[in-house]
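Proteins get letters first, then strands, A, B, ... in listed order; numbering begins at 1 in each. Note: hydrogens, waters and symmetry copies are ignored here, and every other heavy atom, side chains too, is used.
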Amino acid sequence: MNSTPVAASNFIRTIIDGDLASGKHASIVTRFPPEPNGYLHVGHAKSICLNFGLAQDYQGKCNLRFDDTNPEKESEEYALSIQEDVRWLGFAWEGSVHWASDYFDDLYNFAVELINKGLAYVDDLSPEQMREYRGTLTQAGRNSPNRDRAPADNLDLFARMKAGEFADGAMVLRARIDMASPNMNMRDPAIYRIRRAHHIRTGDQWCIYPMYDYTHCISDALEGITHSICTLEFEDHRPLYDWVLDNLSITCHPRQYEFSRLELQYTITSKRKLLNLVNENKVLGWDDPRMPTISGMRRRGYTPEGIREFCRRIGVSKSTNNVDMAIMEGAIREDLEARAPRVVAVINPLKVIITNYEGATEREADFHPQHPEFGKRRVALSSTLVIEADDFAEVPPAGWKRLTLGGEVRLRHSYVMRCDEVIKDADGKVIELRCSIDHATLGKNPEGRKVKGVIHFLSCQHALPAEIRLYDRLFTVSEPDADKDVNFFDYLNPESLTVVQGFVEAVVQDAATETRYQFERLGYFCTDRRDHQPGGKLVFNRTVTLKDSWIK
RNA sequence: UGGGGAGUCGCCAAGUGGUAAGGCAACGGGUUUUGAUCCCGUCAUUCGUAGGUUCGAUCCCUACCUCCUCAGCCA
């Protein structure tokens, strides 16, 4: 994007402006804190653009920190994919990657500090009992019988938890806050549990793992984060975030701010549900081009610039938002429009014989109408062509500008052509057209008449076969997971993928993987990262169609 | 019916006491050998509702309505 639009004002920037102006902070430090338990999706892209974008705009820093406190769900594969996605999106984190597990020792020591202060205790209530003791939304909870255990005893028990003396789930360490708090998160939340699971970083070194609420704030503080930005569902965790830091000997106390998470129409942005789609083989993997994952969007042909522009356009606020897919498509098109070379492909071929081909000549055509520097190529022509079947109609609807029997049309970058005869098979299906060209129309308009339609074509003997994958929305309804009583699988769009064997211009033969083109009049396409073979099997993914003001 | 949030154009989203930015979409018109792009124009007397304060309110006050969110030893 050549225009560098000023970042839109939002409440977080307003807060930062204030903090900088008042001298509360000399510069800012943010962080992007994913759990390596799945692939990143478009919602994470929003968070990434926000956190890294803020650091960039304010000349601050942004850390990448993995929240790896639940070894049962985390894997190296996820951690690797997340780093790749962040980099691909165009961001660089400050220094090396951080991991919450880097702080396991500190976290343990801080827990000891809490115990010594009488602010944490070991509890062996069963999960069921704990739930009972917790009370309900309208009813205060009750104190656990273990709540007043002496610090010395808690210390001993906690050390033995760490030493592996107790079974998984036998007991937890709890923060001692207030069982009657109207905020459920403050009713003595568990901050450590016993879980013998192999951790991707610390292996089998630990059998106790700290919980998110306890870990996150301390990790932020240890990294000197100034603005800890997360989504709205953590709003009522903020008192706990502050409670932990207020009661520990840490001088740094980052402030947490929450923004509303992104909802994109006709798709889902829940890691768990995306995992379901993958596990149940509803899609071909995390990077299936229909997935709203960063790797899926990448494979489909979305560009980092386009996704970033999308994030800029949707803004950041606290109100619930359900973003129209058109905003994403608009941002992607804008980027691709400027940078994708034009080429011709035919996805639904109809044979055309030019009966008066004798003497016809070829022309060259620019790869981009606004960018002559993209170069040009020869447009192959011969007496046997394929055009898009959709560009011919025996009985044209009102307003039709394309080919019809007896009508004329401009062959893109070539002659004006008239259809003289329609050939059909036994079923009455049009299988071939006999046409003639006006030899006086190469590079100029015909005299005495206007030809309004332009269609694309390929010369049969020059075109290359290609597999073209046409993608449509993954779901049939705009909010597939809105109804809790209906499985979102029920709304899967059976036509979300259509694979077609079509033809492309020969110039595209050696295109590398992830090469983007505009197939004129059809849309933007990208060679598939996995299956496309330069010089061999050509595989294109349709990224997005062109805007189409022709109402069918 | 407890706590915490949110309600400004079809979708996002600024503005927060001085008389409603912008983007996307849509709709007109122009250019065009892509029904694309590009260009020009139109698109909230109104800011969830009802009262109140004020010379003046989307912005302050009161009440109400609607939606989201919290009872994992997940994050």
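Looking at A:Asn37 and A:Glu74, their side chains never bring a donor and an acceptor atom within 3.5 Å of each other. A:Asp335 and A:Tyr302 share no side-chain donor-acceptor pair at under 3.5 Å. No hydrogens or angles considered: nothing links the side chains of A:Gln265 and A:Glu263 as a donor-acceptor pair under 3.5 Å.
Residues A:Tyr192 and A:Tyr214 bring their aromatic ring centres within 6.0 Å. Taking the centre of each ring, A:Tyr241 and A:His237 stay at or above the 6.0 Å mark.
An anti orientation is assigned to B:G56, its glycosidic angle lying beyond 90° of 0.
We find that CH2 of A:Trp206 is positioned 17 Å from C1' of B:C73, with the value rounded to whole Å. Atom CD of A:Glu132 is separated from atom P of B:A71 by 17 Å (rounded to the nearest Å). Across the protein-nucleic acid pair, A:Asp213 atom CG and B:A71 atom P stand 11 Å apart, rounded to whole Å. For the pair A:Asp67 CG and B:G72 C1', the computed distance is 16 Å after rounding to whole Å. A:Gln139 places its CD atom 16 Å from the P atom of B:A71, with the value rounded to the nearest Å. One atom, CD1 of A:Ile194, and another, P of B:C73, lie 14 Å apart when rounded to the nearest Å. Atom CD in A:Glu233 sits about 11 Å away from atom P in B:A71, given to the nearest Å. Remark: C1' of B:C67 and CG of A:Asn322 are 12 Å apart, rounded to the nearest angstrom.
Going from the C1' atom of B:U8 to that of B:A21 covers 12 Å, rounded to whole Å. With C1' as the reference atom, B:C9 and B:A20 are 11 Å apart, rounded to whole Å. Spacing between B:G10 and B:A44 at atom C1', rounded to whole Å, works out to 13 Å. When the C1' atom is used for both B:U16 and B:U58, the distance is 8 Å, rounded to whole Å. For the P atoms, the distance linking B:G56 with B:C67 amounts to 35 Å, nearest Å. Separating the C1' atom of B:U62 from that of B:C74 is a span of 42 Å, rounded to the nearest Å. Remark: the separation of the C1' atoms in B:A13 and B:A25 is 14 Å, to the nearest Å.
Summarising the base pairing, B:C67 is matched to B:G5 through a Watson-Crick or G-U wobble pair whose two defining distances lie under 3.5 Å. B:C11 is paired with B:G23 under the criterion used here, namely a Watson-Crick or G-U wobble arrangement in which both key atom distances are under 3.5 Å. A 3.5 Å limit on both hydrogen-bonding distances identifies no Watson-Crick or G-U partner for B:G56.
For A:Thr69, a side-chain nitrogen or oxygen approaches OP1 or OP2 of B:A75 to under 4.0 Å. A close approach under 4.0 Å does not occur between any side-chain nitrogen or oxygen of A:Arg131 and OP1 or OP2 of B:C73. Contact annotation: A:Ser317 side-chain N/O to B:A13 OP1/OP2 distance is under 4.0 Å. Taking 4.0 angstrom as the limit, A:Arg187 places none of its side-chain polar atoms (N or O) nearer than this to OP1 or OP2 of B:G72.
Looking at heavy-atom distances under 4.0 Å, A:Ser126 makes contact with a base. The residue A:His237 sits close to a base: some heavy atom pair falls under 4.0 Å. Within 4.0 Å (heavy atoms only), A:Ser319 reaches sugar-phosphate atoms of the nucleic acid but no base atom. Using a 4.0 Å heavy-atom criterion, one finds that A:Met186 contacts no nucleic acid atom at all. Using a 4.0 Å heavy-atom cutoff across all strands shown, A:Asp123 reaches no nucleic acid atom at all. Residue-level contact check: A:Val316 touches the backbone only, with heavy atoms under 4.0 Å from sugar-phosphate atoms and none from bases. Nucleic acid contact for A:Tyr209: none, since no nucleic acid atom lies under 4.0 Å from a heavy atom of the residue. Base engagement by A:Leu125 is indicated by at least one non-hydrogen atom pair under 4.0 Å involving a base atom.
By the 30° and 60° cut-offs, the orientation of the rings of A:Trp286 relative to A:Tyr39 is parallel. Ring-plane geometry between A:Tyr108 and A:Trp206 is classed as tilted, the angle between the planes lying from 30 to 60 degrees on a 0 to 90 degree scale.
Judged by distance alone, with hydrogens and angles left aside, A:Arg174 brings no side-chain donor or acceptor close enough to the base of B:C73 to form a pair under 3.5 Å. On a pure distance criterion of 3.5 Å, a polar donor-acceptor pair joins the side chain of A:Asp236 and the base of B:G3.
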- Message: Strictly under 4.0 angstrom, non-hydrogen atoms only: write out the protein contact profile of nucleotides 20-36 of chain B, one letter per nucleotide from the 5' end, B, S or -.
- Response: ---BSSS------BBBS
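Ionic pairing of A:Arg542 and A:Asp472 is not present here: no N-O contact between side-chain nitrogen and carboxylate oxygen is shorter than 4.0 angstrom.
For A:Ser9, the side-chain atoms get nearest to B:G15 when compared with the rest of B:G15, B:G2, B:A71.
Around CD of A:Glu447, the count of heavy atoms belonging to other residues, nucleotides or ligands within 6.0 Å does not exceed 12.
At least one donor-acceptor pair under 3.5 Å links the side chain of A:Ser317 to the backbone N or O of A:Ser319.
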